[in-house]
*Asks:* 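Have a look at this one before I ask anything.
What you see below is based on every heavy atom in this structure, not just the backbone, and it leaves out hydrogens, waters and symmetry mates.
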Amino acid sequence: MEGLETVVLLGIAVLAGAILAPRVRVAAPLLLLVFGLILGFVPQLREIELPPETVLLIFLPVMLFWESMTASLRSIRRDLRGIVLLSTLLVVATALAVAGVVHLLGLPWGAALILGAAVAPPDATAVSALGRMLPRRNFMLLKAESLTNDGTALVLYAIAIGVTLGGSYTPVNIVGLFALSFVGGAVAGILVAALAYLLLVRIRDPLVTNIALLITPFAAFLLAEAVGASGVLAVVVAGLIISFASSRISTAASRRQTESAWPLGSYLLNGALFVLIGLQVQAAVHDINPQDVGRLLMTSIAVWLVLIVIRFVFQTMSMAAVRALDRRPSQLLRRMSYRARVVSSIAGFRGAVSLAIALSVPAALNDGTPLPGREDIIVISAGVIVLTILVQGPLLPAVVRWAKLPEESEDEEVRMAELTLAHAAASAVDALAHEFGTSTEVHTRVANEYRFHLSVTQALKAGSDPATTIQSRQEETMLHQGLLDRKREALLELRLAGTIDDTVARRLQSRLDVEEQRLTGVESYD
């Protein structure tokens with residue numbers, strides 16, 4: 001199938017998923033994976049290949065960069081210890097547990113270790129797409145873990161491949177590989193982010209700013225990979241730094257463009273990736289011997305269950321160890337209940353990275369003989385991905401409701417921040433009017449507007465008759481929106497009559513859009 005036809009097909013599938021998912025009340029990634037599985041029944045479509053380097057070089061950098069830019073730095077700092085444990089030791093424990101089980105089921109040790117490394121890490125793109133029904137803290141913890149665990153998995157994969165091909169590793173070698181992966185990846189991300197910062201602080205054009213942002217994740221990934229470090233971790237570190245420095249290196253216009261363009265691009269790439277995963281699963285299934293279907297299906301189910309169980313057991317044991325070593329009251333508040341651990345275990349989705357690792361397994365050993373178990377690795381990895389997404393995905397909302405996890409409300413923080421900002425503006429308006437030489441008429445009008453906003457915010461903060469205050473704000477917003485609609489109608493009449501040029505109309509339309517966003521708030525893409 002030609003490349004352009006493939007792009008159009010993927011675009012149609014993603015569009016259909018975006019339209020149908022809300023109507024059938026199913027998460028879009030689940031529907032897109034099903035679309036891919038259905039499309040895979042067409043022989044010509046099964047020929048569409050998903051090279052591992054495509055996932056690692058085209059899809060992941062953009063999606064991981066955006067996810068890291070929208071991550072909560074405060075949540076990462078608060079749960080850093082847990083994130084480190086889950087993204088390193090849990091990945092190692094999971095890989096070894098999976099390897100032991102599949103070896104007992106007949107897979108050679110080398111292939112078993114490779115399979116364990118492939119399916120060990122929860123996938124950041126799948127977690128971000130399917131885990132948003134989680135309470136905020138639980139989602140951010142899982143998101144941070146999935147953004148950083150690929151470095152561990154890829155080192156394990158490299159070791160497993162080396163052992164299978166006849167290599168040997170000492171404990172010093174293994175420690176060195178992990179250090180290079182994590183430290184090298186972090187350093188690469190810091191260096192690229194620093195260069196991006198030096199460039200972006202000198203740029204005011206929104207288009208140029210976003211082009212530079214688009215190049216940043218690819219540069220970080222390639223720099224890290226060039227020295228044998230984790231490209232995924234480099235992208236994540238660069239994204240976190242850029243996110244932290246965003247207010248200093250971007251303008252309001254460039255941020256509006258970023259908040260519009262990046263979520264769209266990330267959604268398209270993510271959706272296309274789920275469709276491609278479905279196609280690859282179909283291709284893998286059609287390539288196996290019919291006599292092996294039952295065995296591979298049972299092995300996939302066994303691996304899937306091991307992933308859930310080992311995640312729950314590891315979290316339970318690590319929490320017990322931390323409880324014994326750290327009895328500070330602040331740590332007691334952070335510990336997960338058993339219900340939260342069940343939710344976390346169900347939310348550990350596998351996705352594109354696992355399939356990319358499986359597809360990148362060499363076809364032959366050094367002596368030219370086929371690598372034992374390679375086809376089994378691909379089929380089992382694909383089966384585990386399907387099970388985690390199509391079974392755990394629909395199950396997760398019910399488990400979350402059962403767990404009754406506490407939800408961290410942001411309302412109080414929002415009110416506090418709004419009050420601080422309103423007070424800062426109201427306090428500065430007189431001094432700034434004097435500094436800028438503003439006329440008395442303009443000064444009075446702006447001062448009254450900001451002081452009115454401050455009084456409304458203070459009323460909401462104090463809790464004095466909030467229903468009346470909120471109703472007043474809603475009525476004011478409705479009136480402003482109605483007036484904006486009349487402005488748009490008048491603008492359209494001027495444009496249709498040819499009184500103003502299209503470029504002038506678009507410029508004025510943009511101003512009206514900005515005013516509406518100021519009234520209603522810019523949509524959040526966290």
Side-chain angles (χ1 to χ4, degrees), residues 7 10-11 14-15 17-18 21 27-29 32 54-73 75-76 123-132 139-140 143-144 146-148 150 189 192-193 195-197 199-201 203-222 231-275 351-353 510 513-514 517 520-526:
V7 171
L10 292 175
V14 173
L15 175 62
L32 293 171
T54 300
V55 175
L56 296 177
L57 293 178
I58 297 179
F59 286 90
L60 283 187
V62 172
M63 292 188 293
L64 294 180
F65 190 69
W66 176 245
E67 292 300 332
S68 60
M69 285 184 67
T70 55
S72 169
L73 292 173
S75 296
I76 292 175
D123 183 70
T125 58
V127 166
S128 297
L130 297 171
R132 294 186 181 275
F139 174 64
M140 284 299 173
K143 181 178 177 178
S146 62
L147 286 171
T148 54
D150 291 332
V192 171
L195 293 174
Y197 180 91
L199 173 65
L200 291 171
V201 292
I203 296 175
R204 298 290 91 183
D205 185 278
L207 181 62
V208 178
T209 297
N210 279 282
I211 292 174
L213 285 178
L214 181 61
I215 295 173
T216 299
F218 295 104
F221 190 94
L222 291 175
V232 171
L233 186 60
V235 171
V236 171
V237 170
L240 292 174
I241 295 174
I242 294 297
S243 174
F244 181 77
S246 175
S247 61
R248 299 182 180 89
I249 61 177
S250 59
T251 63
S254 65
R255 287 192 293 273
R256 285 184 60 232
Q257 192 176 84
T258 300
E259 291 163 358
S260 300
W262 279 78
L264 174 62
S266 180
Y267 184 89
L268 291 174
L269 289 174
N270 207 356
L273 194 54
F274 278 104
V275 178
V353 172
S510 179
D513 292 341
V514 171
Q517 285 184 330
T520 60
V522 181
E523 183 178 357
S524 173
Y525 296 94
D526 284 350

*Asks:* As an exercise, state the distance from CG of N210 to CD of E259, rounded to the nearest 0.5 Å.
*Replies:*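 Result: 10.0 Å between the selected atoms.
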*Asks:* How long is the gap from CH2 on W66 to OH on Y267, to the nearest 0.5 Å?
*Replies:*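 OH of Y267 is found 15.5 Å from CH2 of W66.
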*Asks:* Is S243 reaching over with its side chain to a backbone N or O of G239, donor-acceptor style, under 3.5 angstrom?
*Replies:*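 No; judged by distance alone, with no hydrogens or angles, the pair does not exist.
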*Asks:* Check for a donor-acceptor pair, side chain of T209 on one end and backbone N or O of D205 on the other, with a separation under 3.5 Å.
*Replies:*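 The answer is yes, because a donor-acceptor pair under 3.5 Å joins these two groups.
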*Asks:* Measure the spacing between CZ of F274 and CG of N270 and express it to the nearest 0.5 Å.
*Replies:*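 Here the interatomic distance stands at 5.0 Å.
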*Asks:* Which residue, L199, V201, I203, forms the side-chain contact (heavy atoms from CB on, under 4.5 Å) with I249?
*Replies:*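 Exactly one option meets the side-chain contact (heavy atoms from CB on, under 4.5 Å) with I249, and it is V201.
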*Asks:* Mark yes or no for whether S266, through its side chain, and W262, through its backbone, hold a donor-acceptor pair below 3.5 Å.
*Replies:*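 Side chain of S266 to backbone of W262, a donor-acceptor pair under 3.5 Å: no, none is there.
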*Asks:* Rounded to the nearest 0.5 Å, what's the gap from CG on L240 to CD1 on I76? Could you check?
*Replies:*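 Taking CG in L240 and CD1 in I76, the distance rounds to 5.0 Å.
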*Asks:* Are the side chain of T148 and the backbone N or O of A144 linked by a donor-acceptor pair below 3.5 Å?
*Replies:*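 Yes.
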*Asks:* Which pair of heavy atoms, one from A21 and one from A27, lies closest together, and at what distance?
*Replies:*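 Scanning both residues, the minimum pair turns out to be CB-C, 4.4 Å.
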*Asks:* To the nearest 0.5 Å, how far apart are CG in L273 and CG in L269?
*Replies:*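 Between L273 CG and L269 CG, I get 8.0 Å after rounding to 0.5 Å.
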*Asks:* With heavy-atom distances below 4.5 Å as the criterion, would you say the side chains of T125 and L60 are in contact?
*Replies:*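 They are in side-chain contact.
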*Asks:* Between R204 and T251, is there a side-chain donor-acceptor contact under 3.5 Å, judged purely by atom types and distance?
*Replies:*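 No, R204 and T251 have no side-chain donor paired with an acceptor closer than 3.5 Å.
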*Asks:* Can you tell me how far OG1 of T216 sits from CD1 of I211, rounded to the nearest 0.5 angstrom?
*Replies:*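 If I round to the nearest 0.5 Å, the distance is 11.5 Å.
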*Asks:* I need the minimum non-hydrogen distance between P61 and P217, along with the two atoms involved.
*Replies:*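 Closest approach of P61 to P217, heavy atoms only: O-CB, 3.5 Å.
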